[in-house]
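These notes are about the structure you will find just below.
Any value given below was found using the heavy atoms of this structure, including those in side chains, with hydrogens, waters and symmetry copies removed. Source: prediction; values computed, not measured. Counting starts at 1 for both ligands and their atoms, in listed order.
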Amino acid sequence: MTFNELGLSSDILKAVSEIGFETPSEIQEKSIPVLLGDDRDYIGLAQTGTGKTAAFGLPMIEQIDTDYRAIQALVLCPTRELCLQIAKELKAYSKYSKGIKVVAVYGGANISEQIRDIKKGANIIVGTPGRTIDLINRKALNFDSVSKLVLDEADEMLNMGFKEDIDEILKSTPPFKNTWLFSATMPKEVEKIASNYMENPFKVTVGTKNSSAKNIDHRFCLVHGRDKYYALRRFIDYAPGMFGITFTRTRREAKEVAEKLMNDGYNADALHGDLSQAQRDTVMNKFRKKNLQVLVATDVAARGIDVDDVTHVFHYDLPDDIESYTHRSGRTARAGKSGVSIALISPAKSSRIRLVEKQIGKKLELIKVPSGNDICGIQLMNLIQNVKEVEVNEKGIAPFVAQIHENLTDFSKEELIEKFVSVEFNRFLKSYAKAGDINVDPSKVKKGKDRERTSSGRPSANRVFINVGKMDGFENKGQLLGFVCNQSGINGDSVGKIDLFDSFSFMGVDEGIGEKLINAMNGKNIENRDIRVEFSNEKPRGERGGRRRSGGNSGGGRRNSGGGSRRRSEGGGNRNFKERRKRR
Ligand code: ADP
Ligand code: MG
């Protein structure tokens, strides 16, 4: 199959071939003809790196009526990075399509400039949900003429707490449009969006559902928590030329691991939510240019990163939310390449491996952390290879050659080889001279006796339950985090994944933080209701004890209630939240 057979116009084909795409990927081949021809909703399920942007971008550009000055297509995506990336791709695809104007709108950037760009006649908007809403409220965006709406990385958007924002944006688009939803995974929440907002969608699935790309080797090793950093270093040293991302659960851990690596002489840096946008851009640019060998990132910060040639993804910890595993490992093996995903697992969490295996539909291979000897062997061979391959700049060194010979004349060839090798290699010999075996013997990991596992199959020591949720006016996870940090004095760094429900929430926390939160928060109140925080050791059972709320329906009822009444109740809640904030 070639791009020529898909029904695209010559302007687009020219741009595509200039970009260097030769044959359409599977999702492109299956989607483009449908999206060009059929006036209907669509769901595309495919792993990251399979070319979804062009799958929706090409037919979208094709169907813009450039004689008509209005926004005709909207692409919503979870992060600023992704937003910029998609806009850039769409611009490249439409290089020869006259009159196409793509504008990216995202937070953390000058809004007036974005408004000016929109006014210059944008017909395609690529936006993050937050900024898009902001611009709708400022009357700078009008979606009355939108006929194509794309929800890209729908699962990620929901993971990040954009459900309400998406609902609101969808309400500002006309009913006759086509909605195209793309996702790597299809959790219940995405199914709900699909059933609420789409009509008889055409569904395309590429690869197995919820599995990650085929050319990733999924592996894990067993090490104690205290040895994780050393394990990471050994894997890095064992793969000269590796270029990778290490994922951590919390911002603090991202910072700590990156700092240790830098201190130990690696080209590493951290990417997490505590950095300003400008700092994040700097880190990402360094990584993109491969000036960094290892990026240490939290899940949220690394979402949607599309950097080619990532060889390794490390999981310093498995994510709280197992679905994130797919997104993490999908950062490698992009565009048909292969890659390795390695999870560093402590014995206490070994049973979570099974959850990952269920998620990706594949076994993870247990591997050993390389020994000091293995690493020295690999590094030595790499050094020798480099010496063999290096190009000698004869002219450049000519003026010094006589002097060099004079200095080294007393050494034999054998001695010289040993000395030159040692210059580079002593570092590794020294690091690994006393390196022991840090692997935990898998037969010693007790099955079913997992300290952190509980009846619901979730870890509990690192997860707390709190009896506040959306009904208390928290519109998103960030607001809840802000409130909890304010009230308890803990640092946002030490909080990982947050699950915000209607009347309660869960938070992943660093070691020791759970106790702090419990001590600090219990006894405080919110709207005359006692706040209760406890270690999460069972599944939420809907409303938990002690709720006294007038006029609040149960969580299930709210979803199906009429749009009008729901909006009112959420609006009220938000106002309360803001007032409360001011008072405190
Ligand atoms: P996804 O959205 O599925 O994660 P992207 O659309 O970001 O994937 O594409 C991943 C990479 O593959 C990008 O670098 C993109 O330029 C490249 N790519 C997409 N389609 C093709 C193609 N048909 N041939 C070659 N490379 C492609
Ligand atoms: Mg994508």
Polar contact flag, side-chain donor to acceptor under 3.5 angstrom, [X]-[Y]:
X      : Y      : result
Arg233 : Tyr266 : yes
Tyr93  : Asp11  : no
Thr50  : Glu26  : no
Asn291 : Asn267 : no
Gln63  : Ser147 : no

Heavy-atom distances under 4.0 Å decide this one: backbone, side chain, both or neither, for Asp308 against ligand 1?
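For Asp308, the contact with ligand 1 is made by the side chain alone.
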
Between Phe21, Phe56, Phe3, flag the one that comes closest to atom 15 (C) of ligand 1 by a heavy atom.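 Shortest heavy-atom distance from atom 15 (C) of ligand 1: Phe21.
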
Main-chain N/O of Tyr106 paired to Gln114 side chain as donor or acceptor, under 3.5 Å:
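Yes; judged by distance alone, with no hydrogens or angles, the pair exists.
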
Considering distance alone, does some N or O of [X] sit under 3.5 Å from an N or O of ligand 1?
X     : result
Glu22 : no
Gly51 : yes
Gln28 : yes

Hey, which atoms in ligand 1 end up nearer than 4.0 Å to a heavy atom of [X]?
X     : result
Thr23 : 22 (C), 23 (N), 24 (N)
Glu89 : 16 (O)
Thr53 : 2 (O), 5 (P), 6 (O), 7 (O)
Thr50 : 1 (P), 3 (O), 8 (O)

Determine whether the aromatic ring centres of Phe314 and Phe247 lie less than 6.0 Å apart.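 Between Phe314 and Phe247, the centre distance exceeds or equals 6.0 Å.
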
Among the heavy atoms of [X], does any lie under 4.0 Å from an atom of ligand 1?
X      : result
Val16  : no
Ser25  : yes
Phe182 : no
Glu153 : no

Would you sort out whether Tyr68 and Asn123 count as a side-chain hydrogen bond (donor to acceptor under 3.5 Å, both in side chains), showing the intermediate values? CA-CA 9 Å; Tyr68 176 47; Asn123 34 36; over 6 Å; no

Checklist entry - Taking only residues two or more places apart in sequence, or in another chain, which ones meet Arg69 in a side-chain contact (heavy atoms from CB on, under 4.5 Å)? => result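 Testing Arg69 for side-chain contact (heavy atoms from CB on, under 4.5 Å), a comparison that skips the adjacent residues, returns none.
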
